[in-house]
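See below for the structure under consideration.
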Amino acid sequence: MKTLSRRARLAAAEMSALTAFFTARADPARAGRADDGVDLTFGDPHELPLPGLVAALEAHLQPRSVDWFAYKASEEPARAAVAAALRDELGLAFEPADVAMTQGAFGAIALGLRLVADAGEEVVVPAPGWFYAPMVRVADLVPVPAPLAPETFDLDLASIERALTPRTRVVVVNSPANPTGRVYPRRQLDALAELLEDASRRLGRRIWILSDEPYRRIRFDGVGFVSPAACYPWTLVDYSYGKVLLAPGQRLGYLALSPLLPDAQREALRGAFFPTQMAVGWGFPDALMQYAVPDLEHVSIDLAELTRRRDRVLAALDGWGYRMTPPEGTFYLWGAAPGGDARGFAAALAARGVQVLPGTLFGSPGHFRVCLTATMEMLERALPAFEEVGRTLGGGAGSPAARTTSAGGEHGA
Ligand SMILES: Cc1ncc(COP(=O)(O)O)c(C=O)c1O
């Protein structure tokens, strides 16, 4: 007899590689993890929380009224602070009513999908990309992977076009992109907007963009950022404070409507925020997090230090013949696994006490991801293992053919 819903089974199937990874990781014997091992897998903090974050929470902890911790939906001061920041950052006329406060980007993605897509419709997701597929499945939707351009990991319009069908409702764009670190230039986003406008007209149904932007403020070398919301009116922007504050356990984020959306649709979506969020399980951030938003808008991890870590690790890996994709944003490094087998590579590193994510988890069996939220001391401790494993598995490590590729580098914004 059936126990699990079809959606729960499908979501679990989409998660199977990640679940297996978590299970193996939790078992030190299987993972080959040493006690003084270095964990470079996920975007978790390895240092005490930012003082600005702690101060903002302390400042709002003491109740100022009897309803301080009463039920809270999207609170007006939080929405106003977000709308002002978005106006500033994206140059678009966001209003507070365009913003729904959510529990991180996870909550915003779940909300966005439920607002515009009906059961059975398709959602185009980037490959390699973050773990959108289970979220799509559990919303009774169907994920359709669209491979990014090989080597550069740019948006590949031909591949997105091939993924479109008469059932497509949403195309997910993630910039800066996890795991590749790419930031898509305006030219690519304008071309995508044109493609989706044509396809929507041809198919007689509106295709939306869900612009997943939790790393929007984590960019290197002055690279500009353009949101798809500026190029395509039918765009929902999702954001999380979990990355820029490096506090993903304090669930805070939002979903925002592109102000370019036609008035009738903008009004309909604004009105649907509350009932839909209530219905997905009171999907609002805690009261305390919402009070802190105006203060938290000015707090960030140290981007100069993150740049130093990126440069140190990239230079070392480059010197040992690794073929990396230098990130323009995010706190990840993405590269080709020496020997071409991500699982074998990750296992060899794990045997030396260093944990990285094999690209298999992102649908890329020949790549790996390193997370730079580790301290410089941890990274230094990990580097000898990369040198040894690169030499052992890479064979031709150091050969010109195995060198780091450089990204497109055309950011007009
Ligand atoms: C691309 C991307 N989108 C969304 C999320 C979810 O962010 P949060 O956990 O802060 O909601 C993550 C987290 O890793 C991510 O990398």
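Ligands are counted one by one from 1 in listed order, and the atoms in each one are counted from 1 as well.
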side-chain hydrogen bond (donor to acceptor under 3.5 Å, both in side chains): which pairs involve residues 330-348, sequence neighbours left out? Y215-Y332

Salt-bridged, R182 to E328, with N to O below 4.0 Å? yes

Looking at Y239, I'd like to know if the NZ or CZ of R216 sits under 6.0 Å from its six-membered ring centre while staying within 45 degrees of the ring's axis. yes

Near ligand 1, which residues have a heavy atom under 4.0 Å away from one of its atoms? G104, A105, F106, W130, Y132, N174, N178, D212, P214, Y215, S240, K243, R251

Solution key, residues 221-233 side-chain donor-acceptor pairs under 3.5 Å, sequence neighbours excluded:
unit_1 : atom_1 : unit_2 : atom_2 : d
D221   : OD1    : R310   : NH2    : 3.1
D221   : OD2    : R310   : NH1    : 3.1
D221   : OD2    : R310   : NH2    : 3.1
S227   : OG     : E213   : OE2    : 2.6
S227   : OG     : A229   : N      : 3.0
Y232   : OH     : R206   : NH1    : 2.9
Y232   : OH     : I207   : O      : 2.5

Filter on ring-ring contact (aromatic ring centres under 6.0 Å, His included), then keep only pairs touching residues 78-105, sequence neighbours left out; what's left? none

Derivation and outcome, side chain to side chain contact (heavy atoms under 4.5 Å, CB included), residues R169 and V123: CA-CA 6 Å; R169 181 60 76 195; V123 179; 5.8 Å; no

